[in-house]
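See structure below.
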Amino acid sequence: MSSEVPAKRRERIAQYVQDAGAARTEDLAERFEVSVMTIHRDLDALVAEGWLEKTRGGARSAGLRLHERNVMLRLRQQVAQKRALARAALTHLEPGITLALDDSTTTVGLLPYLGNLQPLTLITNFLPTIKAVSADPDIDLIGLGGHYDRSLDSFDGPAVVDQLRLLSADVVVMSVASIHNQWLLHPSAETARRKRAFIECGAKRILLADSTKFAHRASHKLGEIGLFDVVIVDDSVAPEHIDFIRERDVTVEVAEVRPEDVTSGSDLVTHFDSHR
């Protein structure tokens, strides 16, 4: 039987089910070399944390709505791709700008680079980003306040939207839950409104999208892909998606995921956790 630490095993189980879409309890027990009862306990813990949904005889990946409301789950997925996307976005930024970052976990990849952009004015509603830069005297921080959502670790609601309508950023960098054809989508109407306000506050608008953003659909439209000046995708995005975006007269850049992005990707989680 496996002697793996339960927390690590559960993380691997969650990732496996997310990748596969669904899995049977017996198959998971065999794959991770533990008893069926242990797998049941692991699945109960993962369901309680919002990582998975339990089914008769197994588990399946959480729906997009649950997925988007679990910031720690989102932070631990596609980490290497997020590092590559952030590195590509950095080429569009320069010292002295006013930069808006929403609470997409994809934007966390930019945190280690903000020192290169000083002096900098930063607009954000994401509490970990606020904590990360609050002690830096060369970053003028505009923290958006409103209803604090613990599952998102950010501020949301009408107050945030109202504040964004009074602000202007040189560049906004953000991500979305889903891209389907020309539409940018999110499972939450309130979050869709807030993300639209982020888009509208930026003079230059940059969208970061890893390949998973093209795999799902959501119910609420926050706008068309043409709202962005630049869309940066990772090198796993299918060519037909890239061609479709370019046909809308949007600049598309493909960020190469390097070996070091994979080997050092966990640094993003560490950086995030240190400011919680």
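Here, residue 1 is the first one in the sequence, and each next residue gets the next number. Since we're looking at a predicted model, the values are computed, not measured.
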**OP:** Can you spot which of Asp210, Asp234, Thr105 makes a side chain to side chain donor-acceptor pair (under 3.5 Å) with Lys82?
**Re:** Thr105

**OP:** Grab the two heavy atoms, one from Val172 and one from Ile199, that are nearest each other, plus how far apart they are.
**Re:** CG1-O, 4.2 Å

**OP:** Grab the two heavy atoms, one from Tyr16 and one from Ala23, that are nearest each other, plus how far apart they are.
**Re:** CE2-CB, 4.0 Å

**OP:** Over all heavy atoms of both residues, which pair between Val161 and Ala197 is shortest? Give the atoms and the distance, please.
**Re:** CG1-CB, 4.1 Å

Original post:
Would you say Trp183 and Glu224 make side-chain contact, with heavy atoms under 4.5 Å?
Top reply: yes

Original post:
With a distance cut-off below 6.0 Å to the six-membered ring centre and an angular limit of 45° from the axis, does Arg248 pair with Phe244 as a cation-pi contact?
Top reply: yes

Original post:
Counting only heavy atoms not in Gln118, do more than 12 fall under 6.0 Å of its CD?
Top reply: yes

**OP:** Scan Arg193, Arg194, Lys195, Arg150 and name whichever one has a salt bridge (Lys or Arg N to Asp or Glu O under 4.0 Å) with Asp156.
**Re:** Arg194

Original post:
Should we say atom CG of Asp243 is surrounded by more than 12 heavy atoms from elsewhere, each under 6.0 Å from it?
Top reply: yes

Subject >> Test item: side-chain donor near acceptor, His92 and Glu253, under 3.5 Å >> reply: yes

Subject >> Check ion pair Asp44-Lys54 (N to O, under 4.0 angstrom) >> reply: yes

Subject >> Inter-residue atom distance Leu101.CG - Thr124.OG1, 0.5 Å rounding >> reply: 5.5 Å

**OP:** Quick one: closest heavy-atom pair of Phe126 and Ser104, and the distance?
**Re:** CE2-O, 4.4 Å

Original post:
Could you state the interatomic distance from OG1 (Thr55) to CZ (Arg24), rounded to the nearest 0.5 Å?
Top reply: 10.0 Å

**OP:** Kindly indicate whether the side chain of Asp170, heavy atoms from C-beta on, has any atom under 4.5 Å from the side chain of Glu94.
**Re:** no

**OP:** Test side-chain contact (heavy atoms from CB on, under 4.5 Å) on Ile39 and Ile13 and set out the steps.
**Re:** CA-CA 9 Å; Ile39 286 295; Ile13 291 170; 3.8 Å; yes

Original post:
Does the side chain of Leu227 come within less than 4.5 Å of Leu222's, by heavy atoms?
Top reply: no

**OP:** Evaluate the criterion salt bridge (charged side-chain N to carboxylate O under 4.0 Å, His left out) for residue pair Glu200 and Arg196; output intermediate values, then yes/no.
**Re:** CA-CA 6 Å; Glu200 293 175 348; Arg196 178 60 183 253; 2.9 Å; yes

Original post:
Do other residues, nucleotides or ligands put more than 12 heavy atoms under 6.0 Å from the CD atom of Glu26?
Top reply: yes

Original post:
Is a side-chain donor-acceptor pair under 3.5 Å present for Tyr148 with Asp153?
Top reply: yes

**OP:** Grab the two heavy atoms, one from Leu110 and one from Ala89, that are nearest each other, plus how far apart they are.
**Re:** CD2-CB, 4.5 Å

**OP:** Hey, could you give me the CG/CG distance between Asp149 and Leu127, rounded to the nearest 0.5 Å?
**Re:** 11.5 Å

**OP:** Taking Ser175 for its side chain and Leu208 for its backbone only, find out whether a donor-acceptor pair lies under 3.5 Å.
**Re:** yes

Original post:
Are the side chains of Arg87 and Asp261 in touch, meaning some heavy atoms are under 4.5 Å apart?
Top reply: yes

Original post:
Measuring from Arg41:CZ to Met37:CE, what's the distance to the nearest 0.5 Å?
Top reply: 6.0 Å

Original post:
Rounded to the nearest 0.5 Å, how far does CG of Leu120 lie from CD1 of Ile97?
Top reply: 6.0 Å

Original post:
Quick one: are Thr38 and Phe32 in side-chain contact, heavy atoms under 4.5 Å?
Top reply: no

Original post:
Under a 4.5 Å cut-off applied to non-hydrogen side-chain atoms, are Leu207 and Val250 in contact?
Top reply: no

Subject >> Where Ile123 and Ala169 come nearest, the two heavy atoms and their spacing >> reply: CD1-CB, 4.3 Å

Subject >> Spatial distance of atom CG (Asn181) from atom CD1 (Ile225) [nearest 0.5 Å] >> reply: 10.5 Å

